[in-house]
Amino acid sequence: MSCGKPLLATKSGGPEDIITDQKIGILVSKDDVIALAEGMSEIVEKLPTYDPEGIRNCCIERYSEDSIAKSLAKMYLQAVEIHRK
């Protein structure tokens, strides 16, 4: 994503939280080789329609050092509030 390339992943308990939009990439069924091959073909076919800058910006918004730090700080503040109650 940081290079602006679309993703292809299987629905295996993690990628579903990353590929939340078809603008980012394609999710296919786990343990389905045919679906994976079809997904690869689809990515190649649609490659000109993907927005590399949009994919990269999505990555930065979600996973940059600043974004992760803000998210962790928010969780810590929520944990402190819960503890105070």
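The shown structure was predicted, so the numbers you read here are calculated from the model rather than taken from an experiment. Atom set for the values below is all heavy atoms of this structure, side chains included, hydrogens, waters and symmetry mates excluded.
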Of all heavy-atom pairs linking Gly4 and Ile55, the shortest is O-CD1, 3.7 Å
Hits for side chain to side chain donor-acceptor pair (under 3.5 Å) against Arg62, two or more places apart or cross-chain, chain-then-number order -> Thr20
Sorted by chain and number, sequence neighbours left out, side-chain contact (heavy atoms from CB on, under 4.5 Å) with Lys5 holds for Cys3
Worksheet item: Would Val28 end up clustered with Met40 when hydrophobic side chains under 4.5 Å apart are linked, directly or stepwise?
Response: yes
CD1 (Ile26) and OH (Tyr50) are apart, to the nearest 0.5 Å, by 4.0 Å
Output for pair (Leu36 CG, Ser29 OG), nearest 0.5 Å, gives 10.5 Å
Got a donor-acceptor contact below 3.5 angstrom from the Ser67 side chain to the Glu61 backbone?
yes
**Asked** Do side-chain atoms of Asp32 reach the backbone of Ala35 as a donor and acceptor pair under 3.5 angstrom?
**Response** yes
Please check if the number of heavy atoms outside Gln22 that lie under 6.0 Å from its CD is greater than 12.
no
To the nearest 0.5 Å, atom NZ of Lys46 lies from atom OG of Ser41 at 12.0 Å
Using a 6.0 Å cut-off, check whether atom CD of Gln78 has over 12 heavy atoms from anything other than its own residue.
yes
Between Ile24 and Met1, is there a side-chain heavy-atom distance shorter than 4.5 Å?
yes
Checklist line | N/O donor-acceptor pair under 3.5 Å between Glu81 side chain and Ala79 backbone | finding: no
NZ (Lys11) and CG (Asp31) are apart, to the nearest 0.5 Å, by 13.0 Å
CG (Asn57) and CD (Glu53) are apart, to the nearest 0.5 Å, by 5.5 Å
Nearest heavy-atom approach of Ser2 to Cys59 is N-SG, 3.7 Å
Value for CG (Leu27) from CG (Leu8), rounded to nearest 0.5 Å, stands at 8.5 Å
When every non-hydrogen atom of Pro6 is compared with those of Gly25, the smallest separation belongs to CB-CA, 4.4 Å
(message) I want to check something: taking the side chain as every heavy atom from C-beta on, are Ile18 and Tyr63 in contact at a cut-off of under 4.5 Å?
(response) yes
Sequence neighbours excluded, the answer for salt bridge (charged side-chain N to carboxylate O under 4.0 Å, His left out) partners of Glu45 is none
